[in-house]
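Worksheet for the structure shown next.
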Amino acid sequence: MSTHRVAFTLNGDRRELEIAADRLLIDVIRDDCGATGTKLGCGVGVCGACSVLVDGELLSACLLPAVFADGRRITTVEGLANDELTPLQDAFIREGGFQCGICTPGQLIAATALLAEQPRPDAEAIRSWMMGNLCRCTGYYGIVRAIQRAAGPA
Amino acid sequence: MTFDYHEPRTLAEALALLDRYGEDAHLMAGGTATVLLMRQGLLRPGHVIALRAIDELGGIAHTPDGGLRIGAMATHRAVERSADAFAYSPALTDAFGSVATVRIRNQATVGGNLAHADPAQDPPPMLSALNATVSVRSSRGGRSLPIEELAVDHFTTSLAHGEIITEVILPPIEPGTRETYLKFLPRTADDYATVSVAATLRFAPGGTIAETRIVLGAVGPTPIRARRVEDALRGQPVSRARDAVDLVRDEIDPIDDLRGSAAYKREMARIWTGRALAQVTR
């Protein structure tokens, strides 16, 4: 097994690691970098719990070879808030956008990517984009409301 | 998963690595399929050759004759959002945009999709209906083949070892042609199709059907071109469509699976082929 020197930023902090070729980004983020906000759900790219931003693009960390992160900018849920919550995080609290919380880091990352691309999505655009982030608690109503609240009127 | 990882910067380097490691090497494009197959133990290469750093495999652009070139490493999302691809055919950007979720579309590539040859994928039937050719390179030279000759069975292509898909070339579309891609999704919106239908159709000046191509996904070991339906429609008025559609049942070879029984898929193929024809003959 080959190993590789990879350098990337995780939520603005530079990381340089020697990793084996078969490592996946989800494991490197959680186990090597200690950023456990990103959750492993299905492990096959379906549920969205491991959603991360790579150079601003929404990806499944459970499907991404960690060597692909070399030279790139990774954002996880830990990187969203500075001193204050983002409007989206605040809206998830106010609108009941979560219950058990396991899917929430992925929901927030996916919604952040949506609003970066479409600042004023209508409800249909929100449902279509967020379709890949599963939630067993909310029935999705709170999540859609939260994103609408953060975005302002469509 | 135990392998050495290689990231060549040029196609020539990638081809040399493929030749050096032979059957022990496997190419990785976006990685969505390769990563899963390796984790499930279905694929155990000694060497993984990633194509992501090879610039010449990227890009989506009009060709000088009014066709479209899609580089093998273009992501599904890049096609979905490409102004050139949309100008070429909105049905093409629809087909790429209907794949799984935005996360998968950000990672999965056009070439990787074709090499994976899952018969339930969305892009291949649409590319086939648009009469695409696939360019392939090996250390011995290049060739191009009609996309219909690429997939030969479930997850199996006609590519020889040592060959890399470099691009997909779509020919100019005859003026007056209409195209559509329909995907029947009875379970969830991010699922593979139970049946999908890509169709293109052009009327002759007299109002008869001059040319049509109809290709179905998820109802056989490869995308299936409904040649009998096409033959029954060419030169005929659109009123023939209802009878012609019935012929699709005998052209496909669906299996029973969690997306429906073979009999159900046969019936749905008839229904959705009819809907696709309704779209392109409106």
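No hydrogens, no waters, no symmetry mates; every other heavy atom, side chains included, goes into these values.
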- Message: Can you confirm whether Arg136(A) is buried at CZ, in the sense that more than 12 heavy atoms of other residues, nucleotides or ligands lie under 6.0 Å from that atom?
- Response: no

- Query: Side chain, backbone, both or neither: which part of Leu114(A) has an atom under 4.5 Å from a heavy atom of chain B?
  - Reply: neither

- Item | Interface residue of largest heavy-atom contact number with chain B, from Gly43(A), Ala113(A), Ala110(A), under 4.5 Å | Gly43(A)

- Residue pair Val102(B) / Trp129(A): nearest heavy atoms and the distance that separates them: CG2-CH2, 3.8 Å

- Query: Just wondering, are more than 12 heavy atoms of other shown residues or ligands nearer than 6.0 Å to CD in Glu16(A)?
  - Reply: yes

- Task: Take atom CZ of Phe86(B) as the centre, draw a 6.0 Å sphere, and report whether it contains more than 12 heavy atoms from other residues, nucleotides or ligands.
- Result: no

- Query: Between Gly45(A) and Ile104(B), what is the shortest heavy-atom contact and its length?
  - Reply: O-CD1, 3.8 Å

- Counting only heavy atoms not in Tyr192(B), do more than 12 sit closer than 6.0 Å to its OH atom? no

- Would you find a donor on one side and an acceptor on the other, under 3.5 Å apart, between the side chain of Thr2(B) and the backbone of Met1(A)? no

- Between the main-chain N or O of Gly132(A) and the side-chain N or O of Asp190(B), is there a donor-acceptor pair closer than 3.5 Å? no

- Count the heavy-atom pairs under 4.5 Å between each of His6(B), Arg52(B), Arg77(B) and chain A, then report the option with the highest count. Arg52(B)

- Between atom OG1 of Thr101(B) and atom CE of Met130(A), what is the distance when rounded to the nearest 0.5 Å? 11.0 Å

- Item | Gap separating the CZ atom of Arg39(B) from the CG atom of Leu63(A), nearest 0.5 angstrom | 7.5 Å

- Message: Quick check on the interface: out of Thr3(A), Val44(A), Val67(A), who has the most heavy-atom pairs with chain B under 4.5 Å?
- Response: Val67(A)

- Can you establish whether the number of heavy atoms outside Glu124(A) located under 6.0 Å from its atom CD is more than 12? no

- Message: Can you tell me if Asp55(A) has over 12 outside heavy atoms packed within less than 6.0 Å of its CG?
- Response: yes

- Side chain, backbone, both or neither: which part of Val54(A) has a heavy atom under 4.5 Å from chain B? neither

- Is the number of heavy atoms from other residues, nucleotides or ligands under 6.0 Å of Arg44(B) CZ greater than 12? no

- Decide yes or no on side-chain contact (heavy atoms from CB on, under 4.5 Å) for Asn133(A) and Arg103(B), but give the supporting numbers first. CA-CA 10 Å; Asn133(A) 287 81; Arg103(B) 296 190 311 276; 3.5 Å; yes

- Ala100(B) versus chain A, heavy atoms under 4.5 Å apart: side chain, backbone, both or neither? backbone

- State the CD-CG distance between Glu7(B) and Asp70(A), to the nearest 0.5 angstrom. 7.5 Å

- Nearest heavy-atom pair of Phe68(A) and Gly30(B): which atoms, and what distance? CE2-O, 3.3 Å

